[in-house]
Amino acid sequence: MKSVYYVQIEDKSIDEGNNIGTLAGLKEKISSSLETLVFTNHADEIKDKYSKTGIKTTIFNNENYSLTDYSDVVTTIKNNLAYEDECLIVLDDSALGNVLGAKIAAELSLPLLSHIEDLTGDTLITASRHIADTKAIRESQLKDSAVVTVSFNGILNQNEEAQVEVKDFTVQDANIKKYVSNENSGNDLAYAKVVVAAGKGLQEKENLKPLNELAKKLNASVGATKAVTDVGWMDKDKMIGISNLTIKPDVYYAFGIAGAVQHTTGMDKSKHIIAVNTDKTAPIFKLAQYGIIGDANKVIDGLINLL
């Protein structure tokens with residue numbers, strides 16, 4: 001089997017790239033030869049997280065690194081994989097992942113496959129994705145080295161120890177860009193892969209505590225409806241809907257949300273929607289791929305116990 005490298009980015013100034021849900025999904029699909037390459041500016045803070053993934057990890061650290069520093073990341077990857085006869089380089093299917101993946105593929109003269117939804121096989125890996133918005137699936141056998149961007153998630157067993165090595169890497173870009181504060185700049189909902197959202201069906205503010213606990217287990221971001229933020233249960237910058245944020249996560253959990261148009265306009269492009277509501281006629285079920293008719297609080301508690 002070819003070596004598989006998952007490239008992750010972590011910038012302490014912004015939450016984008018800090019989600020390890022893709023790594024969890026990749027681990028479920030690739031049985032061996034998987035290694036994580038992390039580029040960051042705060043290795044000490046994240047080392048423990050990767051030491052519990054069960055996946056060998058190399059963290060490349062430089063305090064001046066930022067997400068926009070593509071060239072030094074590409075150079076470091078090229079130098080470290082120079083002696084690999086055959087490898088698969090995997091990144092998140094995000095705006096950042098696709099740009100970085102394209103630059104890596106160009107530098108290493110490798111094919112780039114974007115928006116991959118599944119990887120299967122051991123000795124010969126097959127990448128698959130839907131063709132546009134149809135049910136047709138295109139499968140590509142990766143006989144040689146390649147770069148792919150993927151969109152799938154999973155849950156890591158947090159008790160698996162892993163070897164983690166921290167290395168310094170050089171940042172030579174003279175025009176390093178930095179993120180500055182702006183409206184919603186501290187809100188990771190805009191680019192989260194997994195979102196758990198609260199509606200008034202949770203009944204009281206106290207019930208947000210289990211929701212936040214579940215979010216941690218799912219490595220998810222937390223959002224809410226306008227009704228929830230209006231009564232002060234959650235900050236208004238967490239409101240999903242036409243009045244604030246429009247998001248497109250891979251997985252969207254709607255707990256106690258009826259599905260008013262004001263809210264669904266901000267999340268109806270989610271790839272997978274899972275809804276929980278006591279009212280079987282709630283409009284949210286028309287959007288959901290999976291629905292549970294029941295008490296959202298009990299379902300949240302059940303998921304926490306299960307995970």
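Keep in mind it's a predicted model, so treat the numbers as computed, not measured. When reading the values below, keep in mind they use all heavy atoms of this one structure, side chains included, and skip hydrogens, waters and symmetry mates.
Side-chain contact between K217 and E213 is present, with heavy atoms from C-beta onward closer than 4.5 Å. Between K200 and V231, some side-chain heavy-atom pair lies under the 4.5 Å cut-off. Side-chain contact between I300 and V276 is absent, with no heavy atoms from C-beta onward closer than 4.5 Å. F60 has its side chain out of reach of V73: every pair of non-hydrogen atoms, C-beta onward, lies at least 4.5 Å apart. Looking only at side-chain heavy atoms (C-beta outward), L218 and Y253 come within less than 4.5 Å of each other. A 4.5 Å side-chain heavy-atom check between L91 and I104 finds at least one atom pair inside the cut-off. When side chains are defined from C-beta on, M267 counts as touching T264, because their heavy atoms get closer than 4.5 Å. Residues L124 and K143 have side chains in contact (heavy-atom distance under 4.5 Å, counting atoms from C-beta outward).
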Item to check | Full working for side chain to side chain contact (heavy atoms under 4.5 Å, CB included) between K167 and N80 | outcome: CA-CA 12 Å; K167 295 182 177 180; N80 277 268; 4.0 Å; yes
Next on the checklist: Would E117 and K271 count as a salt bridge (charged side-chain N to carboxylate O under 4.0 Å, His left out) here? Give the steps.
Outcome noted: CA-CA 11 Å; E117 299 168 359; K271 290 184 179 179; over 6 Å; no
Next on the checklist: Checking D118 against R129 for the salt bridge (charged side-chain N to carboxylate O under 4.0 Å, His left out) test, could you report, in this order, the C-alpha distance in whole Å, the side-chain angles of both residues, the deciding distance, and whether it holds?
Outcome noted: CA-CA 7 Å; D118 197 14; R129 54 164 289 186; over 6 Å; no
Checklist entry - Would D92 and K193 satisfy side chain to side chain contact (heavy atoms under 4.5 Å, CB included), going step by step from the backbone distance to the final call? => result CA-CA 10 Å; D92 285 356; K193 285 183 169 294; 3.4 Å; yes
Next on the checklist: Show, in sequence, the C-alpha distance, side-chain angles and deciding distance for N41 and D11, and conclude whether the side chain to side chain donor-acceptor pair (under 3.5 Å) test is met.
Outcome noted: CA-CA 6 Å; N41 48 24; D11 185 341; 2.9 Å; yes
Checklist entry - Given L96 and L67, is the side chain to side chain contact (heavy atoms under 4.5 Å, CB included) satisfied, shown in steps? => result CA-CA 8 Å; L96 181 66; L67 293 184; 4.1 Å; yes
Checklist entry - Should N297 and L211 be marked as a side chain to side chain contact (heavy atoms under 4.5 Å, CB included) after you check the CA-CA gap, both sets of side-chain angles, and the distance that decides it? => result CA-CA 8 Å; N297 294 310; L211 182 76; over 6 Å; no
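In terms of heavy atoms, L189 sits closest to S221 at CD2-CB, 3.8 Å. Scanning all heavy atoms of the two residues, the minimum distance from V195 to G223 falls at CG1-N, 4.4 Å. The two residues G259 and P283 make their nearest non-hydrogen contact at O-CB, 3.6 Å. Of all the heavy atoms in I125 and V4, the pair that sits closest is CD1-CG2, 4.1 Å. Shortest non-hydrogen contact noted between K280 and F285 is O-CD1, 3.7 Å. The heavy-atom pair separating T40 from F169 by the smallest distance is O-CE2, 4.1 Å.
Under 3.5 Å, the side chains of K226 and S243 contain no donor-acceptor pair of N or O atoms. Looking only at atom types and distance, the side chain of S3 has no donor-acceptor partner in the side chain of E35 under 3.5 Å away. A donor and an acceptor atom, one from each side chain of D250 and S151, are nowhere located under 3.5 Å apart.
Using cut-offs of 30° and 60° on the angle between ring planes, the pair Y65 and F39 is tilted. Ring orientation note: the planes of Y252 and H263 are tilted relative to one another, at an angle of 30° to 60°.
Atom CD of E204 sits in a crowded spot, with more than 12 heavy atoms from other residues, nucleotides or ligands closer than 6.0 Å. Heavy atoms of other residues, nucleotides or ligands lying less than 6.0 angstrom from CD1 of I242 number 12 at most. Within 6.0 Å of the NZ atom in K47, the count of heavy atoms belonging to other residues, nucleotides or ligands does not exceed 12. Applying the 6.0 Å contact sphere to CG of D85 captures no more than 12 heavy atoms from other residues, nucleotides or ligands.
No donor-acceptor pair under 3.5 Å is formed between the side chain of N62 and the backbone N or O of T170. The closest donor-acceptor contact from the side chain of S51 to the backbone of D48 lies under 3.5 Å. Not a single donor-acceptor pair under 3.5 Å links the side chain of D235 to the backbone N or O of D237. Of the possible polar contacts, none joining the E139 side chain to the S128 backbone as a donor-acceptor pair under 3.5 Å is found. In terms of modelled atom types and a separation under 3.5 Å, the side chain of S145 and the main chain of C87 share a donor-acceptor contact. Proximity of a side-chain donor or acceptor of T149 to a complementary backbone N or O of H115 within less than 3.5 Å is detected. N277 places no side-chain N or O within donor-acceptor distance of the main-chain N or O of A282, the cut-off being under 3.5 Å. Formation of a donor-acceptor pair under 3.5 Å by the N98 side chain with backbone atoms of S94 is found in this model. Distance alone, capped at 3.5 Å, is enough to place a donor-acceptor pair between the N207 side chain and the L202 backbone.
We find the OG1-CD distance between T57 and Q8 to be 10.0 Å, quoted to the nearest 0.5 Å. Atoms CG and CD1, from N212 and I304 in turn, are 9.5 Å apart once rounded to the nearest 0.5 Å. The distance from the CD1 atom of I89 to the CG atom of L37 is 8.5 Å, given to the nearest 0.5 Å. With values rounded to the nearest 0.5 angstrom, L34 atom CG is found 4.5 Å from I55 atom CD1. Within the model, atoms CD1 of I292 and CG of L303 stand 6.5 Å from one another, a figure rounded to the nearest 0.5 Å. L214 contributes atom CG, which lies 12.0 Å from atom CG of L208 (distance to the nearest 0.5 angstrom).
For the pair K238 and W233, the cation does not sit on the ring face, since its NZ or CZ is not both under 6.0 Å from the ring centre and inside 45° of the axis.
Cluster annotation: V261 is not connected to I240 through the hydrophobic network of ILVMFWY side chains, with a link wherever side-chain heavy atoms come within less than 4.5 Å. Under the 4.5 Å side-chain contact rule for hydrophobic residues, I137 and V148 do not share a cluster.
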